[in-house]
Amino acid sequence: MHKWKVSYFNELMLLFYRKKVILIAIFSAILPVLIAFALKGLEPLLALLAVGPSFPIEMLSLYTGLWIPLVILTLTADLFPHEVASRTLKLAFLRPVTRFQVFMSKVASLATAVGGILVILFITTLLCNLFEGTMNGLGEVLSNLTAYAAAFIAMLAVSAVFVFIAQFFKSVSGFVIVAIVLYAAFKIAPFLLSSFSAFSPLNYTDWHMLWLSSYVRSGTLLTGTLFLLASCVLFYSLGYYKFDRTQV
């Protein structure tokens with residue numbers, strides 16, 4: 001366990017030493033502020049657009065549907081295909097850790113980055129509400145926290161799929177192109193086959209909205225949670241199986 005912790009913190013430090021990660025964190029914090037100012041400016045023209053109690057959830061839907069999957073795609077490309085192509089993955093294998101520990105430390109650092117973005121978004125949107133004088137009540141804050149926690153699980157499932165796909169590529173460009181095409185295809189597929197969305201973890205990016213509805217049964221939420229967790233276990237396991245046989 002100690003060796004894994006050291007490996008995890010090493011991967012985390014390497015991740016945050018990348019300039020793109022700092023830029024991603026800054027953009028994740030600035031975007032809600034820019035949108036809040038834009039909505040404030042448009043409010044006299046379009047009264048329906050304004051920063052209100054639902055602002056944290058509206059921004060969460062934007063992030064989970066587009067921004068965070070792009071971040072996951074970028075970081076996954078750096079953690080796996082880029083290291084294989086640049087042959088720096090050999091350095092990780094020279095440390096006194098197993099391949100499983102190396103793989104899980106990379107996965108954990110990716111999950112930490114995703115969680116960090118969600119924390120930044122939650123705090124920033126609450127501050128925007130505070131400055132606009134529309135601060136959420138305690139009940140709304142707790143409800144939003146539940147939605148953000150649900151979104152985190154959904155994003156973990158998305159990252160598991162991308163990590164699995166990444167194991168088949170030794171170049172960043174090839175992985176990025178294929179992953180984007182597959183992500184778009186999985187998003188379009190439910191319009192052609194309605195039942196497809198229930199079996200694709202990539203179509204649960206707006207799953208947090210169900211947690212805000214009083215009409216959704218707890219059994220449905222439990223089933224969805226178990227499906228996403230099972231997807232994480234499945235795709236991470238398949239990803240490790242392929243990673244363990246990677247020739248570097």
Closest non-hydrogen atom pair, Phe186 against Ser200
CD2-OG, 3.1 Å
Main-chain N/O of Thr98 paired with Gln101 side-chain donor or acceptor, under 3.5 Å
yes
Measuring from Leu60:CG to Ile68:CD1, what's the distance to the nearest 0.5 Å?
7.0 Å
Check: Val102 main-chain N/O paired with Ser105 side-chain donor or acceptor under 3.5 Å:
yes
Carefully, step by step, assess Thr220 and Arg217 under the rule side-chain contact (heavy atoms from CB on, under 4.5 Å).
CA-CA 5 Å; Thr220 302; Arg217 295 179 299 176; 4.1 Å; yes
Does a donor on one side chain and an acceptor on the other come within less than 3.5 Å for Ser61 and His208?
yes
Would you say Phe16 has more than 12 foreign heavy atoms packed within less than 6.0 Å of its CZ?
yes
So if you build clusters from Ile, Leu, Val, Met, Phe, Trp, Tyr with side-chain heavy-atom gaps below 4.5 Å, do Ile153 and Leu226 land together?
no
Test item: side-chain donor near acceptor, Thr205 and Lys187, under 3.5 Å:
yes
For the residue pair Ser231 and Tyr204, confirm or rule out a side-chain donor-acceptor distance under 3.5 Å.
no
Is there a path of hydrophobic side-chain contacts, each under 4.5 Å between heavy atoms of I/L/V/M/F/W/Y residues, joining Ile177 to Leu202?
no
Spacing of CE belonging to Met59 relative to OG1 belonging to Thr64, to within rounding of 0.5 Å:
10.5 Å
I'd like to check Phe168 versus Lys242 (side-chain heavy atoms, cut-off strictly below 4.5 Å). Are they in contact?
yes
Please check if Ile22 and Val114 belong to a single hydrophobic cluster, counting links between Ile, Leu, Val, Met, Phe, Trp and Tyr side chain heavy atoms closer than 4.5 Å.
no
Between atom CE of Met155 and atom CZ of Phe162, what is the distance when rounded to the nearest 0.5 Å?
9.0 Å
Are Trp67 and Leu31 packed together at the side-chain level, in the sense that at least one heavy-atom pair is separated by less than 4.5 angstrom?
no
To the nearest 0.5 Å, what is the distance between CD1 on Ile165 and OG1 on Thr76?
9.5 Å
Looking only at atom types and distance, does a side-chain atom of Tyr63 sit under 3.5 Å from a main-chain N or O of Ser28, one as donor and one as acceptor?
yes
Same cluster for Tyr236 and Phe100 if Ile/Leu/Val/Met/Phe/Trp/Tyr side chains link at under 4.5 Å?
yes
Please check if the side chain of Ser159 supplies one atom and the backbone of Leu156 the other of a donor-acceptor pair under 3.5 Å.
yes
Below 30° counts as parallel, above 60° as perpendicular, anything between as tilted: where do the rings of Phe103 and Phe80 land?
tilted
Could you check whether atom CZ of Arg245 has more than 12 heavy atoms from other residues, nucleotides or ligands sitting under 6.0 Å from it?
yes
When rounded to the nearest 0.5 Å, the distance separating CG of Leu62 from CD1 of Ile57 is 13.0 Å
Is Leu142 reachable from Leu121 through a run of I, L, V, M, F, W or Y residues, each pair having side-chain heavy atoms under 4.5 Å apart?
yes
Determine whether a donor-acceptor pair (N or O, by modelled atom type, separation under 3.5 Å) exists between the side chain of Thr225 and the backbone of Leu221.
yes
Side chains of Pro201 and Val158: closer than 4.5 Å at any heavy-atom pair?
no
Geometric class of the Phe122/Tyr148 ring pair [parallel <30°, tilted 30-60°, perpendicular >60°]
perpendicular
Heavy atoms from other residues, nucleotides or ligands near OH of Tyr241 exceed 12 (cutoff 6.0 Å):
no
dist Leu15:CG -> Leu79:CG (nearest 0.5 Å) comes out at 5.5 Å
Output, in order, the C-alpha distance, side-chain angles, deciding distance and verdict of side-chain contact (heavy atoms from CB on, under 4.5 Å) for Phe55 and Ile35.
CA-CA 10 Å; Phe55 186 61; Ile35 293 179; 4.1 Å; yes
